[in-house]
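Working notes, structure below.
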Amino acid sequence: MKKIFIFVLTLILLCGCSEKRVTKQGFYFDTVVNISAKKDDLSYIQQAMNKCREYEKIFSKTNSESELYKLNNGEKIKIDSHLKKVIDFGLDFSHLTDGAFDITVSPLCDLWNIKERTSPPTDDEVNAALSNVGYSAVSRNPFSLNGRKIDLGAIAKGYIADNLTEFFKSKNVKNVIIDLGGNVAVIGTYTVGIRNPFNPDKVYATFTLKDKSAVTSGAYQRYFEYNGTRYHHILDPRTGKCADNSIASVTVVSPSSMYADALSTAIYVLGEEGLSLCESFEDTDAIIIYSDESIAFTDGFDNKYNLQIKK
Ligand code: AMP
Ligand code: MG
């Protein structure tokens with residue numbers, strides 16, 4: 001196994017391995033992107049970074065040139081096939097979770113505006129935003145948002161990580177680490193660290209990741225505190241408020257980074273019942289770290305991935 005150590009949620013290479021490796025860094029999707037492979041594969045890393053720039057032009061919610069922005073703002077556009085695939089998956093997944101996960105959560109995300117707010121919105125403001133949320137209003141055939149606005153922040157990085165993985169595989173590149181913030185996908189075998197949500201410079205646990213993706217959703221990177229309560233970026237579309245299940249972080253491991261991405265967000269909202277949903281996906285597992293530092297995981301996670309608690 002490669003002696004490279006990765007934090008799920010922002011890649012940190014703690015120690016190198018014998019082969020000569022190179023890591024390129026970029027800033028896309030509002031997060032730091034790191035892609036690492038053998039030195040000989042540098043040109044492929046560069047191509048993958050260029051792809052990130054292209055994906056940003058499709059999925060960004062804030063860039064007025066992006067496909068998603070245009071769609072959300074009523075411009076008549078031919079929907080790009082990448083965008084169509086992610087929206088279709090997002091709608092299916094919203095349905096599957098009965099709206100605990102909902103890609104039409106956008107008005108609530110805008111209202112909560114976690115990056116800039118210093119106090120929570122009023123109940124009236126929350127209710128007004130909630131009245132514009134609900135995936136079932138979106139019609140697929142013919143496609144129409146019917147006044148809804150879409151936020152793909154919970155799944156787009158997973159889709160992109162899957163596509164970059166396919167790109168490297170098509171070039172026969174081995175031993176690659178793709179880290180899109182909280183989304184890690186690897187070709188090869190690596191030891192991965194789950195960041196300690198109570199002390200984010202430390203590792204809470206490690207496990208082995210082989211030719212799969214690991215995605216973490218947590219409340220310790222994007223949040224503000226008001227009167228002793230933490231308000232964070234994962235919202236419960238059923239209440240309009242921040243999801244509150246006493247969860248500090250959820251990490252999902254799956255062959256598909258998009259599934260892992262969707263599930264980590266959904267489990268954060270659903271709590272422990274989300275673990276059974278996770279088990280209904282093939283070869284897909286999850287670990288929840290609760291605010292009281294207890295943990296729960298899908299059956300066999302510890303043996304299957306050689307889970308080591310370090311805290
Ligand atoms: P993640 O970090 O993958 O868990 O995704 C969180 C992001 O997904 C947020 O910043 C929002 O853009 C969006 N989001 C928040 N709550 C939900 C939800 N309940 N369902 C779908 N997307 C959400
Ligand atoms: Mg997610």
Side-chain angles (χ1 to χ4, degrees), residues 8-10 29-32 59-62 66 68-69 72 86-87 89-117 126 129-130 132-136 138 148-162 179-185 194-195 197 213-224 231-245 247-254 256-271 273-274 277-278 281 284 286 288-289:
V8 179
L9 213 70
T10 317
F29 328 120
D30 207 19
T31 194
V32 178
F59 295 112
S60 168
K61 214 181 88 172
T62 49
S66 85
L68 181 60
Y69 185 96
N72 273 341
V86 180
I87 290 177
F89 171 78
L91 290 172
D92 288 344
F93 203 79
S94 302
H95 182 68
L96 185 72
T97 60
D98 224 358
F101 177 99
D102 189 333
I103 57 167
T104 66
V105 72
S106 186
L108 282 172
C109 300
D110 294 345
L111 175 67
W112 280 91
N113 188 10
I114 294 295
K115 267 194 191 166
E116 283 167 26
R117 254 189 194 279
V126 168
L130 256 184
N132 292 314
V133 173
Y135 64 93
S136 52
V138 177
R148 298 295 189 242
K149 286 189 196 289
I150 286 186
D151 184 310
L152 299 173
I155 43 176
K157 282 192 285 171
Y159 176 80
I160 294 160
D162 285 337
D179 175 15
L180 313 179
N183 287 60
V184 171
I194 300 175
R195 200 179 280 279
S213 174
V215 179
T216 294
S217 289
Y220 53 94
Q221 277 215 319
R222 294 181 183 191
Y223 68 90
F224 64 84
Y231 297 91
H232 56 81
H233 72 305
I234 302 174
L235 303 168
D236 187 334
R238 301 164 302 185
T239 63
K241 308 248 168 98
C242 300
D244 180 15
N245 291 304
I247 290 177
S249 79
V250 179
T251 297
V252 178
V253 180
S254 173
S256 157
S257 194
M258 181 161 70
Y259 283 26
D261 201 357
L263 280 164
S264 66
T265 309
I267 296 171
Y268 201 99
V269 179
L270 288 167
E273 76 172 87
L277 173 69
C278 185
F281 287 83
T284 298
I288 301 176
I289 304 176

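Just follow the structure's listing: the first ligand is 1, and inside any ligand the first atom is 1. Heads up: numbering here begins at 1 and tracks the sequence.
At a 4.0 Å heavy-atom cut-off, ligand 1 touches D102 through the backbone alone.
Interface of C109 with ligand 1, defined as ligand atoms under 4.0 Å from a residue heavy atom, comprises 11 (C). Interface of T265 with ligand 1, defined as ligand atoms under 4.0 Å from a residue heavy atom, comprises 1 (P), 3 (O), 4 (O), 5 (O). Those atoms of ligand 1 that come under 4.0 Å of a heavy atom in D261, given as number and element, are 3 (O). Of all atoms in ligand 1, numbered sequentially from 1 with element shown, those under 4.0 Å from a heavy atom of P237 are 19 (N). Using a 4.0 Å cut-off to heavy atoms of A100, the atoms of ligand 1 that qualify are 19 (N). Under a 4.0 Å criterion applied to the non-hydrogen atoms of S217, ligand 1 contributes the atoms 1 (P), 3 (O), 4 (O). Ligand 1 places these atoms under 4.0 Å from at least one heavy atom of D151: 11 (C), 12 (O), 13 (C).
Not one N/O/S atom of G153, from backbone or side chain, sits under 2.8 Å from the Mg ion (ligand 2). Because the distance cut-off is set at 2.8 Å, T265 qualifies as a neighbour of the Mg ion (ligand 2) through one of its N, O or S atoms.
Residue A266 places no heavy atom under 4.0 Å from ligand 1. For the ligand labelled ligand 1, residue S264 lies outside the 4.0 Å heavy-atom shell.
Nearest heavy-atom pair across I267 and G274 is CG1-O, 3.6 Å. Taking all atoms of both residues into account, the shortest heavy-atom contact from R148 to N72 is O-OD1, 4.5 Å. Residue D102 comes nearest to Y135 through the heavy atom pair OD2-N, 3.2 Å, listed as atom of the first residue, atom of the second, then distance.
Residues L235 and C242 meet the side-chain proximity criterion, which asks for heavy atoms closer than 4.5 Å. Within the 4.5 Å cutoff, the side chain of L96 has heavy atoms near those of the L277 side chain. Using a 4.5 Å heavy-atom cutoff, the side chains of V215 and K157 are not in contact. Put simply, the side chain of I103 reaches to within 4.5 Å of the side chain of L152, judged on heavy atoms.
Summary of contacts: the protein heavy atom closest to atom 19 (N) of ligand 1 is L235 O, 2.7 Å. Residue, atom and distance of the protein heavy atom nearest to atom 22 (N) of ligand 1 are A154 CB, 3.5 Å. In this structure, atom 23 (C) of ligand 1 lies nearest to the protein heavy atom V105 CG1, 3.7 Å.
To the nearest 0.5 Å, the span separating CD1 on I155 from CG on L263 amounts to 11.0 Å.
Between the side chain of W112 and the main chain of G240, a donor-acceptor pair closer than 3.5 Å is present.
Counting heavy atoms only, H233 comes closest to atom 9 (C) of ligand 1 of the residues K115, Q221, H233, K61.
Our summary of the site lists the angle at the Mg ion (ligand 2) between O of D261 and O of A154 as 90°, to the nearest 10 degrees.
A distance of 6.0 Å or more separates the ring centres of Y259 and F93.
In the model, S213 has no side-chain atom that pairs as donor or acceptor with a side-chain atom of S254 under 3.5 Å.
Checking only distances, V269 never comes within under 3.5 Å of ligand 1, N or O to N or O.
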